[in-house]
Amino acid sequence: MTDSSDVDLAAAVPLDHAQAAEQVRQLTDRILELRDAYYERNTSLVSDEEYDDLQHRLAALERQYPDLQSQDSPTLTVGGAADRSSFAPVTHAERMLSLDDVFSIEELDGWALRTQRALGDTHFHYLTELKIDGLAINLRYEHGRLVSAATRGDGVVGEDVTENVRTISAVPFELAGTGHPDVVEVRGEVFFNVADFHALNTRLADAGRKTFANPRNAASGSLRQKDPRVTAERPLTMLVHGLGAWPDAPVRRQSEIYQLFAEWGLPVSKHNRVLDSLEQVHAFIDRNGAERAQIEHEIDGVVVKVDELALHSQLGATSRAPRWAVAYKYPPEQVNTKLLDIRVGVGRTGRVTPYAVVEAVHVAGSTVRQATLHNQEIVKAKGVLIGDTVVLRKAGDVIPEILGPVTELRDGTERAFVMPEHCPECGARLAPSKPGEIDVRCPNTRSCPAQVAGRIEHLASRAGLDIEGLGEVAAVALTHPLAPAHPPLTTEAGLFDLQLADLFPVRVQVTDPETGLPKLTDEGEPDIRTPFRRLRRRDDPEHVPDGPFDGDEFAVPSELAHKMLANIEAAKTRPLWRLLVALNIRHVGPVAARSLAQAFRSLEAIRSADVAQLAEVDGVGPVIAEALIEWFTVDWHQEIIDRWTSAGVVWGDAEAAADDVPKPLAGLSVVVTGTVPGHTRESAQEAVIALGAKAASSVSKKTFAVVYGDGAGSKLAKAEQLGVPLVAAERFAEFLADPQGVVAQVAAQSADPAADGQQQ
Ligand code: IVH
């Protein structure tokens, strides 16, 4: 089997006639091959995007050399020849056309402009619908009774799937109401709602059967079953989207046909809209694109139609598609790519999870190189082998997921994934999380660099010590350096002892996420970075002559190094609850930590408490209490406390002292919006909470004060409207020292703007 790389898609250079003829031949063969797989074997060998690309290339060449367009070119025909081996052929009373696609708003506007030009001054309406990714069907009703249902096939002859369609509850056997024409052909799409598709796949997987890669394949596979009883078990549904044969239909607009269909009990989409202007069409596309993940069925675009039926005949059709409609395609959310490898990652708690390394693909607005695989059972259930072409799906912000392999493309070189026996980070022998469990973990909790890096990143996060500059990159650099030989941090115990000199030599090697091999620079050298220092030119006016010289350049600590060390220093006096979060005790997050800190006031008191005393605390309970007791029994945990203490960490004294100071804002609510210089949003909120206030997220009449800085938005406007006292961020320190005084001042000023001479 060829793959799409056999066809040189990149050829943008002008071709002579012979070269063009060769390309037309290659493109035609490839498209027909892909159509065959898609329509006959319910398999997508390439992404929709790649397929559309091939079609476009062919159409462009045929425009350039019209004599190369054969009568049966894929640009003139509809894919999907009828499967005559299993289903009786049905010749459609009226051809079933496809739709021309556009992939951008500009192209859509081009179609609208051509349409308007062709219609002169005639005003028309746009009928906009969602494009459902399913299977087209033609339903023939005679005297109100369903007599035949056929797939599209090649547009002229389809397959008789009447018996199977009769099992779909959305398709009425008999039309409701009265006055049905002798013959009417209704067109629509047979498909699965997303929820039903997942339920079906779960059922198939539970029965040890092959699952479907997407709802479209599932719909096609379920409808084209030889035994209608199998179709009956599949919750297929249908929505109408057009009219076939109905001579002299007594309606003027397609939307009116839909009304009539609805009265007859046929399923009409609730998403259809009749719109007046192209702007409204754009908005329809935008809205549905944004809400795509919430729609009950999969969509791959929006269909824009001219609503007036008289104009349909005026505009006509090509042999493939009508000119009165067009399909706007959203960027695909599902693509095919190569599964290059399955590796395992080690998390903060030592859990080992397989993940897929795939050939980079663009999907749902981003480039994907990796996809999660959760655990080895899931790898098995999905049936993927390393080397497979796989279907990858990504919806919006959701983590990319591998749906399954395209087994037709296997060539025998694929191999199964085997869970490693040793931790890829530290070499320790992996063990089940609990006896008999599938999940495995690295037992080297203390020193596995991946676990240490994970814990450091967590302890420095906003929910913990809030150490700016110590994020994932710095945590990895401190625990996985190429040089020096020993990492600056082998556990978090040394965090508060870090010195500039420890950071300076740190060099890390960047690895290529696709291959796992060292990444190379443009010059072909290994990509080695020094995150904590940077090079300055010797003639730099800010020359600080304390680093090693290297030719015309000298090294100085990077901003990251300075910032991070200053922030680590400041973290020594963070409130007790933050330090508790930083200890990475199982189940102890900010909420439990706050309760513990408030109840016990010092780490010593927490350590001395027994399970019952701990469990008694609001929001703690027996599970967290046990986890705390267990944590204190581990020797290297004690080492963390000891070393942090010797480095100057204050375990609770500051907090306890703060608790004793008066709370001038007790019971009042304060909103902080925009930037407060010298603070993060969280630290500003912490500061008002420390004075007893509630840091509210929305403004009401009862809000005591709104502290506003740069970037403040609607909350400021609302506060102004409600007459809530406004405190400029520059006065925040003053406000903390004397909140009542500052609020009284600003209130007086807003009542009498002349008082501070700022009246405009
Ligand atoms: S109208 C002559 N409307 O998309 C126009 N088609 O890519 C016929 N489709 O063959 C189609 N949703 O199977 C129309 N709202 C919709 C649609 C829709 C899905 C399918 C249909 C068609 C294919 C073209």
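Ligands are counted one by one from 1 in listed order, and the atoms in each one are counted from 1 as well.
Taking the side chain as every heavy atom from C-beta outward, Leu266 and Tyr258 never approach each other to under 4.5 Å.
Below 3.5 Å of separation, one finds an N or O of Arg152 facing an N or O of ligand 1. Ligand 1 has no nitrogen or oxygen under 3.5 angstrom from a nitrogen or oxygen of Trp324. The shortest N or O to N or O distance between Leu99 and ligand 1 is not under 3.5 Å. An N or O contact shorter than 3.5 Å links Leu130 to ligand 1 by distance.
Within the listing of ligand 1, atoms 13 (O) sit less than 4.0 angstrom from a heavy atom of Ala136. For ligand 1 and Glu129, the ligand atoms under 4.0 Å from any heavy atom of the residue are 3 (N), 15 (N), 16 (C).
Contact between Gly242 and ligand 1 is absent, with no heavy atom of the residue lying under 4.0 Å from the ligand. Using 4.0 Å as the threshold, Arg187 has no heavy atom nearer than that to any atom of ligand 1. The closest approach between a heavy atom of Ser98 and any atom of ligand 1 is below 4.0 Å.
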Full working for side chain to side chain donor-acceptor pair (under 3.5 Å) between Glu308 and His125: CA-CA 7 Å; Glu308 281 79 6; His125 294 86; 2.8 Å; yes
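Ionic pairing of Lys382 and Glu401 is present here: one or more N-O contacts between side-chain nitrogen and carboxylate oxygen are shorter than 4.0 angstrom.
Exactly one residue among Tyr141, Trp246, Trp264 makes a ring-ring contact (aromatic ring centres under 6.0 Å, His included) with His180. That residue is Trp264.
Counting only N and O atoms by type, the side chains of Gln23 and Gln19 include no donor and acceptor under 3.5 Å apart. No side-chain N or O of Glu129 forms a donor-acceptor pair with one of Ser269 less than 3.5 Å apart.
Nearest protein heavy-atom neighbour of atom 4 (O) of ligand 1: Lys131 NZ, 3.0 Å.
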